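Computed from a predicted structure; not experimentally measured.
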Amino acid sequence: MKIQPVQTSHAPDAIGPYSQAVTVNGFVYTSGQIGLDPETMEMVAGIEAQTHRVMKNVNAVLEASGTSLKQAVKLTIFLQDMNDFATVNEIYSSYLSEPYPARSAVEVAKLPKGALVEIEAVAIKE
């Protein structure tokens, strides 16, 4: 069993000692993605813009590993404020199609860089 790191310039660089994702045994495990623009490494403003940016970042990492959101089997959403859930859910669902992956959503006390939302994914590698 060999663990392969995933790296792409189409998602923010890791801001710590971790990989954007790793692949192992036909699965891809992404690190949590926040609303950083990969070109500027600046946080986009507002829950709507951050959610779109996060989903684009997650998909970019998955695509760099040879898969996509279409092959996602589990996503976890971390929210700074659960009151943003309906907004995040609407945007999140626009990036997915049936059969939808399993999902968890939790409110957390704080996210890196003051992010309002963070999402991580597990996907099958095509």
Side-chain angles (χ1 to χ4, degrees):
M1 168 183 344
K2 185 168 178 165
I3 298 172
Q4 295 283 4
V6 176
Q7 172 65 34
T8 179
S9 61
H10 297 291
D13 291 330
I15 53 176
Y18 60 88
S19 299
Q20 289 173 324
V22 295
T23 63
V24 64
N25 290 342
F27 285 91
V28 179
Y29 300 87
T30 74
S31 291
Q33 293 294 311
I34 57 176
L36 291 176
D37 182 308
E39 293 181 16
T40 65
M41 289 299 288
E42 296 291 324
M43 185 72 66
V44 297
I47 190 64
E48 294 91 354
Q50 284 190 28
T51 305
H52 281 291
R53 183 73 260 163
V54 166
M55 293 303 290
K56 290 174 185 173
N57 291 345
V58 168
N59 197 53
V61 172
L62 291 174
E63 286 182 347
S65 72
T67 191
S68 71
L69 282 167
K70 292 178 182 176
Q71 295 297 101
V73 295
K74 174 73 164 85
L75 285 93
T76 305
I77 301 172
F78 303 94
L79 294 164
Q80 180 70 37
D81 183 347
M82 192 57 81
N83 291 319
D84 290 330
F85 179 75
T87 300
V88 170
N89 194 51
E90 183 177 337
I91 294 166
Y92 163 94
S93 67
S94 73
Y95 287 84
L96 301 165
S97 58
E98 292 187 35
Y100 297 113
R103 178 189 69 196
S104 300
V106 295
E107 181 179 89
V108 296
K110 196 170 188 179
L111 290 168
K113 303 237 178 229
L116 302 174
V117 59
E118 179 174 357
I119 298 175
E120 62 185 26
V122 177
I124 299 169
K125 188 169 174 165
E126 298 182 75

So do [Y] and [X] actually touch side chain to side chain, heavy atoms under 4.5 Å?
X     : Y      : value
Gln71 : Leu62  : no
Thr67 : Ile124 : no
Pro12 : Ile34  : no
Asn25 : Lys125 : no

- prompt: Which residue pairs satisfy the side-chain hydrogen bond (donor to acceptor under 3.5 Å, both in side chains) criterion with at least one member in residues 54-65, sequence neighbours excluded?
  reply: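 As it turns out, the side-chain hydrogen bond (donor to acceptor under 3.5 Å, both in side chains) pairs with a partner in residues 54-65, which skip direct neighbours, are Arg53-Asn57, Asn59-Glu63.
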
For Leu116 against Gly46, the heavy-atom pair lying closest together: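 Between these two residues, the closest heavy atoms are CD1-C, 3.8 Å.
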
- request: Heavy atoms only: give me the nearest Ile119-Val58 pair and the separation to one decimal.
  value: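 So the minimum-distance heavy-atom pair works out to O-CG2, 3.6 Å.
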
query: How would you list, by chain and number, every residue that makes a side-chain hydrogen bond (donor to acceptor under 3.5 Å, both in side chains) with Asn83, sequence neighbours excluded?
result: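 For Asn83, the residues satisfying side-chain hydrogen bond (donor to acceptor under 3.5 Å, both in side chains) (neighbours in sequence not counted) are Asp81.
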
Spacing of Gln50 atom CD and Gln33 atom CD [to the nearest 0.5 Å]: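 Taking CD in Gln50 and CD in Gln33, the distance rounds to 12.5 Å.
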
message: Within this structure, what is the CG-OH distance for the pair Leu69 and Tyr92, rounded to the nearest 0.5 Å?
response: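 It is 8.5 Å, given to the nearest 0.5 Å.
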
Lys74, NZ atom: more than 12 neighbouring heavy atoms under 6.0 Å: yes

query: Does CD belonging to Glu90 count more than 12 external heavy atoms closer than 6.0 Å?
result: no

message: Going by ring-ring contact (aromatic ring centres under 6.0 Å, His included), name the residues that satisfy it together with Tyr29, two or more places apart in sequence or in a different chain.
response: none

